[in-house]
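So you know, we letter chains A, B, ... as the sequences are listed, proteins then strands, and number each from 1.
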Number of protein chains: 2
Amino acid sequence: MDVSPSYLSLLLIRKWESVFSLSEEETQAIRDLPVHTMVFESNQDIVRIGDCPLHSFLVLKGFASSYKLTTVGDRQIMALHIPGDIPDLQNLYLKRIDCSIVSITPCTIGFFQLEDLRHICERFPRISAAFWRETLVDASILREWVVNIGRRDAYTRIAHLLCEFLVRLQAVGLVENGTFHFPITQANLADATGISAVHMSRALKALRENGLIQTSRMHLAVPDLERLKEAGEFDPHYLHLEENAAAGFFSAAGSKATTVIDDCRANAFRG
Amino acid sequence: MDVSPSYLSLLLIRKWESVFSLSEEETQAIRDLPVHTMVFESNQDIVRIGDCPLHSFLVLKGFASSYKLTTVGDRQIMALHIPGDIPDLQNLYLKRIDCSIVSITPCTIGFFQLEDLRHICERFPRISAAFWRETLVDASILREWVVNIGRRDAYTRIAHLLCEFLVRLQAVGLVENGTFHFPITQANLADATGISAVHMSRALKALRENGLIQTSRMHLAVPDLERLKEAGEFDPHYLHLEENAAAGFFSAAGSKATTVIDDCRANAFRG
DNA sequence: CGATTACTTGAATTCACTCAATGGCGGTGG
DNA sequence: CCACCGCCATTGAGTGAATTCAAGTAATCG
């Protein structure tokens with residue numbers, strides 16, 4: 001599949017209009033953002049810790065993760081990125097990249113210049129706020145991860161992570177009947193939850209035996225989301241979805257707001 | 001001690017000028033931000049999870065922490081806040097507060113209206129960027145916390161936390177000869193590192209016996225920071241300090257940049 | 001001075017880890 | 001088409017780090 005640059009902007013616009021209704025001029029500015037598409041294999045570093053960033057990128061297809069290595073060589077994943085995410089948006093105003101980002105499945109990535117983005121943010125406060133908000137939601141997810149890893153046992157922790165993943169995928173239309181494409185190894189899940197790969201296998205088995213999940217090679221099914229939420233102590237508030245009322249941040253909002261381009265949604269991510 | 005509103009703005013200005021050099025107009029806008037000062041006892045909630053925020057606040061004196069409770073009642077602290085921090089800046093563009101913030105020592109707090117802040121950010125892109133950057137650094141710290149809690153053992157984890165605390169305090173001039181005011185209970189430290197209070201006691205003892213730290217009731221001394229850094233696998237890059245070069249984000253920077261008001265620094269926080 | 005809170009220490013337990021071996025699946029190449 | 005290799009997942013056994021429970025000490029405060 002090929003992905004046109006203009007399609008990229010649709011993704012961004014769609015994502016935000018639930019929160020900020022953008023004017024014609026604003027959406028046009030986003031459309032004009034030059035984007036360069038690239039495809040990655042699994043397990044390829046997209047950006048590396050310590051580098052000085054000139055670009056940022058949007059995930060169009062596939063999953064990626066942010067991670068760091070300890071001096072002992074252990075790996076910790078601190079974020080999972082799904083289509084529609086801008087995993088390294090934080091680099092917009094940070095000089096050095098503080099964590100590496102790697103594709104965990106084959107990925108289609110849209111790169112753009114940070115400088116271009118900074119210019120847009122300077123000119124359009126509302127777009128700036130929309131991007132800013134993205135990074136704030138990411139931080140909120142990180143806070144929940146700290147709680148999850150710090151205070152919940154492996155079983156609960158994994159249930160929580162899977163709930164989060166499902167709900168986020170749902171928000172971009174990648175879940176059907178509680179089932180979604182899930183080509184993520186147990187080793188990756190272990191690195192994301194701070195447990196060992198062996199224990200991950202055992203805990204997943206327990207979740208399976210309790211009927212909370214069904215796993216196949218490439219897919220994961222959640223027959224009863226409510227039960228999984230309960231098992232994972234999952235409360236979706238921290239994801240800050242469905243906050244359309246937040247549009248009120250700019251009460252005297254600009255000119256004519258664009259209507260959503262809805263049909264870009266469903267077909268978008270599915271391969 | 002009393003803290004004048006104008007003093008608050010000095011704090012902010014000082015903090016940022018190392019990264020963004022602000023124009024007269026911009027510093028004035030910050031000075032004009034109406035601020036309301038308030039004093040809190042230890043262990044008082046300053047903001048509560050679930051509320052809809054209208055204000056944000058700056059820590060002027062004392063320490064605070066962001067936390068959440070699990071359904072079992074366990075507590076996890078996901079951020080420690082020191083003077084100069086704006087702990088809930090994330091609420092600027094999030095509708096609901098996703099974690100509570102509590103004073104862990106007596107605190108002097110400066111409140112301001114989020115609406116006022118949004119207006120400033122709309123008018124001054126560089127101020128917006130400066131605030132934004134604050135939230136990005138907070139997120140970077142959260143990522144490191146995920147690594148710390150997820151992949152390091154208790155001993156290393158605590159050493160790391162103490163290093164971070166020391167380095168951050170150093171940046172606002174609150175450390176003398178490796179010694180700083182540290183009226184934080186072991187229970188709080190335990191909640192911040194995701195271990196039990198009992199184990200915290202044991203691990204601190206080990207750190208003491210290895211000569212890495214000296215504890216007294218209200219103070220903590222680090223005789224050899226390099227050794228503690230090594231023990232904690234601590235690399236300060238993630239704090240994104242000393243990035244003055246980042247001023248280059250706005251190459252065609254505005255009018256005449258203000259000079260630092262240096263003397264506001266040392267006397268500021270000390271009680 | 002008694003009450004409360006913070007810290008320490010010991011003992012037993014448990015959750016999760018490491019090490020190690022095995023089984024399954026998918027791709028590759030003879 | 002089958003044999004082989006590599007990756008991933010599983011399972012068992014033994015270990016270990018951190019937990020809970022419990023008791024006791026030290027410091028602080030009204």
[X] [atom1] to [N] [atom2], straight-line distance once rounded to whole Å:
X: I184(B); N: dC7(C); atom1: CD1; atom2: P; result: 11 Å
X: D191(A); N: dC17(C); atom1: CG; atom2: C1'; result: 14 Å
X: M218(A); N: dC25(C); atom1: CE; atom2: P; result: 15 Å
X: D153(B); N: dA17(D); atom1: CG; atom2: C1'; result: 8 Å
X: I158(A); N: dC15(C); atom1: CD1; atom2: C1'; result: 13 Å
X: I149(A); N: dA16(C); atom1: CD1; atom2: C1'; result: 15 Å
X: Q186(B); N: dT9(C); atom1: CD; atom2: C1'; result: 12 Å
X: L207(A); N: dT10(D); atom1: CG; atom2: P; result: 12 Å

Just by distance, with hydrogens left out, do R143(B) and N148(B) show a side-chain donor and acceptor under 3.5 Å apart? no
Determine whether the side chains of S103(B) and Q44(B) contain a donor N or O and an acceptor N or O closer than 3.5 Å. no
Please confirm whether the backbone N or O of L161(B) pairs with a side-chain atom of E164(B), one donor and one acceptor, at under 3.5 Å? no
Reading nucleotides 23-30 of chain D from the 5' end, what letters show protein touch, with B for base, S for backbone sugar-phosphate only, - for no heavy atom under 4.0 Å? ----SS--
What's the closest nucleotide to the side chain of H199(A) if the choices are dC17(C), dT11(D), dT9(C)?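 Taking heavy atoms from C-beta onward, the closest nucleotide is dC17(C).
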Among dC7(C), dT18(C), dA9(D), find the nucleotide with the atom closest to the side chain of S201(A). dA9(D)
Side chains of residues 219-227 of chain B: which donor-acceptor partners sit under 3.5 Å, not counting sequence neighbours?
from, atom 1, to, atom 2, distance (Å)
H219(B), ND1, F180(B), O, 3.4
D224(B), OD1, E226(B), N, 3.2
D224(B), OD1, R227(B), N, 3.3
R227(B), NH2, N210(B), O, 2.8

For the helix from dC1(C)-dG30(D) to dG30(C)-dC1(D), figure out the bend between the end axes, five pairs an end, and round to 10 degrees. 30°
Distance check, rounded to the nearest 0.5 Å: T185(B) atom OG1 versus M200(B) atom CE?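 It is 9.5 Å, given to the nearest 0.5 Å.
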Which pairs, protein N/O on one side and nucleotides 11-14 of chain C N/O on the other, fall under 3.5 Å?
from, atom 1, to, atom 2, distance (Å)
dA11(C), N6, R202(B), NH2, 3.2

Pairs involving residues 196-206 of chain B, ordered by first then second residue, that meet side-chain hydrogen bond (donor to acceptor under 3.5 Å, both in side chains) (sequence neighbours left out): none
Residue list, side-chain hydrogen bond (donor to acceptor under 3.5 Å, both in side chains) with R151(B), at least two apart or on another chain: D191(A)
Please find out if less than 6.0 Å separates the ring center of F40(B) from that of F57(B). no
Walk me through it: do K229(B) and H160(B) pass the test side-chain contact (heavy atoms from CB on, under 4.5 Å)? CA-CA 7 Å; K229(B) 279 184 177 173; H160(B) 186 100; over 6 Å; no
Short side-chain N/O contact to dA16(C) OP1/OP2 from R152(A), under 4.0 Å: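 Result: no.
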Quick check on dT10(D): is either OP1 or OP2 less than 4.0 Å from any side-chain nitrogen or oxygen of K205(A)? no
Please indicate whether Q186(B) has more than 12 foreign heavy atoms, meaning atoms of other residues, nucleotides or ligands, lying under 6.0 Å from its CD. yes
Under the side-chain contact (heavy atoms from CB on, under 4.5 Å) rule, what do I213(B) and L162(B) come out as? Steps first, then yes or no, please. CA-CA 9 Å; I213(B) 59 170; L162(B) 295 179; 4.1 Å; yes
Using a strict threshold of under 4.0 Å (side-chain N to carboxylate O), is an ion pair present between R48(B) and D45(B)? yes
Tell me what R157(A) touches on the nucleic acid: a base, only sugar-phosphate, or nothing, going by heavy atoms under 4.0 Å. nothing
Select from G194(A) and N43(B) the residue whose nearest nucleotide in DNA chain C is closer to the 5' end of that strand.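 With G194(A) and N43(B) compared, the 5'-side residue is N43(B).
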